[in-house]
Every structure is written in C-alpha cells, then in structure tokens.
Amino acid sequence: MTEMAEDRAARQGKGLKLDVEPYLHMYQQMARIRAFEEKVNELYTGAQMPGLAHLYIGEEAIAVGVCEALAPQDYITSTHRGHGHCLAKGASVDRMLAELLGKEAGYCRGKGGSMHIADIESGNLGANAIVGGSAGIATGAAFSAKRLGDGRIAVCFFGEGALGQGLMYEVMNMASLWSLPVIYVCENNHFNEYTHFSESTAGEITARPKAFGIHTETVDGQDVRAVYETMARLVERVRSGGGPVFLLCDTYRYRGHHVGDIDRSYYRSKEEEQEWMTNRDPLKILSGWLVDQGLADQKIFDQIAAEAKEEIETGAEFAINAPYPDISEVDQHVYAE
Ligand SMILES: Cc1ncc(C[n+]2csc(CCOP(=O)(O)OP(=O)(O)O)c2C)c(N)n1
C-alpha cells in the first residue's frame with residue numbers, strides 16, 4: 001500500500017479526516033502547469049515567442065502523479081510536449097520561460113527552446129524533439145544507476161506515437177534482459193499529430209511491452225490520485241530490483257498538436273474535445289473529489305489558481321526583460337562532445 005493509501009485507510013479506520021495537504025499540493029502542481037501553458041499560448045499568439053510549442057493542457061495529472069512518486073535524485077526524460085514534465089520534476093518557471101524566449105538565463109542559454117529543456121539538478125535529462133528519442137537516454141540512465149548501485153530509477157515519458165519507433169523495442173528488450181530500473185510511461189492522448197492512434201498503432205498497445213516480458217499496467221491518466229498511487233507502487237517494485245515496468249496512461253490534449261494547430265475539425269470533433277474538458281478534466285476530477293470528501297472548498301482552488309497565475313506572470317516578466325545571449329557565443333553550447 002502507498003503512503004497516501006495507508007494514511008487514508010488508517011484515518012478512515014479511526015474516523016479521522018484525510019491529510020489534505022498532499023492532494024492540494026498535486027492540485028497546485030497541475031494548476032501551475034496549466035497556467036504556464038496558457039501563458040506560452042499567449043506569448044506565441046502575441047508574437048513574443050519564437051518557434052513553436054506543444055501544449056500539455058489536459059494531460060497534467062500524468063506528469064504530476066508520476067513525479068510526485070519519484071525521489072528528487074531520480075531521472076526523467078521528456079518529449080516535445082515536455083513543459084509539464086519539467087515543471088513537475090522541479091524546473092524553475094523563470095528559467096523555462098527564458099529558454100522559450102531565447103534568453104541567456106534559459107536552461108540552454110536560450111539556444112534550445114521549448115523542446116530541449118534539460119535540468120540536470122532536478123534529474124531531468126531532457127526534453128527531446130525526436131519522437132521516441134529519449135527512450136535510449138532513459139534506459140541508459142537506468143543502466144548507469146544499476147551499475148553504480150546508487151538506488152536511482154529512470155522514468156521515460158513518451159507519447160503513444162513513439163511506439164512506431166524501432167528504438168523503443170531495442171531498449172525494452174535490453175531493459176528486460178538486464179532487469180533495469182526504468183519505467184516507461186506511455187501518454188496516449190489519442191493522436192499522433194493529426195492522426196488517430198487507431199490508424200497508426202496496430203493491435204493492443206500493452207501487448208508490445210508484454211512481448212518483452214515487461215510488467216505492464218494501465219491507468220486513467222486524468223485521475224492524478226490513481227496515477228500517483230499506481231506509480232508509488234511501481235516505483236517501489238522497480239527500486240527494489242523488480243526490473244522495468246510499462247505504464248499506459250489514457251489521456252487527451254485539449255489543444256492542437258502545437259500552438260499553431262487551431263482548426264482541428266478535419267481530424268476530431270468539437271464535441272469530443274468538450275466531453276473531455278467537461279467530464280474528464282484532471283483538475284476538476286481532483287477538486288470534485290476533495291469537495292465530496294469535505295476536505296476543501298472552491299475558495300481554496302480559486303486561491304491556488306490565482307497564486308499559480310501570479311507566479312507565471314512574474315516569470316514571464318523576468319523572461320521578457322532578460323537579455324539575449326551575446327552574439328559572440330552563437331556557436332557555443334550547441335554541440336555535445
Ligand atoms: C522521429 C520523428 N518522426 C517524426 C517527427 C514529427 N512529429 C513530431 S510530434 C509527432 C507526433 C507524436 O505523437 P505522440 O508521440 O503520440 O506524442 P503527442 O504529440 O501526442 O504528445 C510527430 C510525428 C519527429 N519529431 N520525430
């Protein structure tokens with residue numbers, strides 16, 4: 001049983017109220033990610049941000065539920081849709097926004113942009129513009145952790161589209177053979193760019209890791225409590241030498257594939273989007289549950305949203321006013337040896 005589940009059982013047994021703080025913290029993390037992404041959209045549409053960004057709005061419960069179950073020293077790798085993963089693992093809003101705006105204070109001195117944020121201090125080995133690209137990095141990190149015996153584990157976030165990449169199968173094979181401490185977290189938001197996953201992925205997704213003998217579970221990616229509790233159990237299993245696992249999360253991105261993908265009617269309906277936003281929203285699911293339990297009221301959620309917005313606005317102001325890197329360093333820090 002996870003710590004939160006134990007606490008729940010113990011308190012319910014004694015007729016005590018649940019400890020609300022961990023849940024409010026998860027709500028706050030999701031609200032921060034949403035406010036961040038809304039700001040990115042605003043910066044893009046206001047022509048203040050160069051390049052594109054792929055928004056994570058709608059998928060927040062996965063990044064938060066997963067990262068809450070990890071230790072600070074554990075590794076993650078991320079994707080082109082990576083802002084939520086970076087924030088959930090502890091990246092700074094200021095430095096992320098500075099990176100998106102091409103400023104020197106950014107995580108890559110402004111030379112990587114949205115899809116290349118890495119933050120070694122928080123264990124984030126990097127977002128990756130290559131679909132499936134980070135699977136090798138996460139599996140390599142797990143291999144190093146096992147060799148060093150340092151107790152770390154690695155989480156590899158990826159979209160279901162990455163299952164079309166051969167690298168995924170090479171690494172799952174190695175991870176299984178060598179019993180590596182790695183968790184493959186597949187975020188199935190139903191689309192690869194503008195194509196429904198049923199048109200690009202044959203058979204059952206879960207059959208693929210199972211073919212390598214990898215323990216596989218499925219979770220509702222809109223329910224942060226379910227993601228957290230599943231992950232906490234899986235983390236314990238992997239950390240204690242149980243070998244790799246694969247977690248399939250069912251989710252949905254509310255916005256376009258990227259910020260410029262406005263008219264989506266040719267590949268999905270407005271009704272479908274509305275259904276997810278109304279009935280499957282991760283923030284509403286958690287707040288609704290907390291209210292039902294008598295643990296919180298709407299005032300708290302409004303306050304958290306206002307604080308998140310303020311933090312993001314302050315970060316954006318910092319990033320907008322920050323200097324660009326000097327022209328003399330245009331060819332520096334862009335090549336890894
Ligand atoms: C190797 C590679 N092929 C194609 C692309 C172009 N591309 C960028 S995102 C994307 C779809 C990815 O879908 P998925 O992995 O499910 O992630 P999602 O965007 O749904 O989060 C594609 C095909 C790429 N970046 N890298």
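Everything numeric here is computed off the predicted structure, so don't read it as measured data. Counting starts at 1 for both ligands and their atoms, in listed order. Residue numbers count from 1 along this sequence. The analysis underlying the following values was restricted to heavy atoms, covering all of them including side chains, and did not include hydrogens, waters or symmetry mates.
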field: Lys/Arg N to Asp/Glu carboxylate O, R233 vs E236, below 4.0 Å
entry: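 Between E236 and R233 there is no salt bridge, as every charged N stays at least 4.0 Å from the carboxylate O atoms.
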Under 4.0 Å from a heavy atom of [X]: give me the atoms of ligand 1 that qualify, with their elements.
{"X": "N189", "answer": "18 (P), 20 (O), 21 (O)"}
{"X": "N192", "answer": "13 (O), 14 (P), 16 (O)"}
{"X": "A162", "answer": "15 (O)"}
{"X": "F191", "answer": "16 (O), 20 (O)"}

- request: Dump the intermediate steps for side-chain contact (heavy atoms from CB on, under 4.5 Å) on M231 and C67, then the final yes or no.
  value: CA-CA 9 Å; M231 265 303 287; C67 290; over 6 Å; no
Heavy-atom contacts under 4.0 Å between [X] and ligand 1: side chain, backbone, both, or neither?
{"X": "F197", "value": "neither"}
{"X": "E187", "value": "neither"}
{"X": "H257", "value": "side chain"}
{"X": "H80", "value": "side chain"}
{"X": "R81", "value": "side chain"}

Is there a donor-acceptor contact under 3.5 Å from the side chain of [X] to the main chain of [Y]?
{"X": "N321", "Y": "E317", "result": "yes"}
{"X": "T139", "Y": "G136", "result": "no"}
{"X": "E217", "Y": "L247", "result": "no"}
{"X": "E99", "Y": "Y107", "result": "yes"}

Nearest-neighbour protein heavy atom for [atom], which is reported as residue plus atom name and distance:
{"atom": "atom 22 (C) of ligand 1", "result": "E193 OE2, 3.3 Å"}
{"atom": "atom 16 (O) of ligand 1", "result": "G161 N, 2.8 Å"}
{"atom": "atom 1 (C) of ligand 1", "result": "Q165 NE2, 3.4 Å"}
{"atom": "atom 25 (N) of ligand 1", "result": "A129 O, 2.8 Å"}
{"atom": "atom 5 (C) of ligand 1", "result": "V131 CG2, 4.0 Å"}

Gap between atom OG1 of T314 and atom CG of D94 - 0.5 Å precision: 8.0 Å
- request: Assert yes or no for the condition that the ring centre distance of H196 to F191 is strictly below 6.0 Å.
  value: yes
- prompt: Cation over ring, R253 on Y56, under 6.0 Å and within 45°?
  reply: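 Cation-pi check for R253 and Y56: fails.
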- request: Return yes or no for this condition: an N or O of R253 is under 3.5 Å from an N or O of ligand 1.
  value: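 No; every N/O pair is 3.5 Å or more apart.
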message: Please evaluate residues Y254 and W276 with respect to the criterion ring pair (Phe, Tyr, Trp, His ring centres under 6.0 Å), reporting the C-alpha separation (whole Å), side-chain torsions for both, the decisive distance (0.1 Å), and the verdict.
response: CA-CA 8 Å; Y254 292 178; W276 280 82; 8.0 Å; no
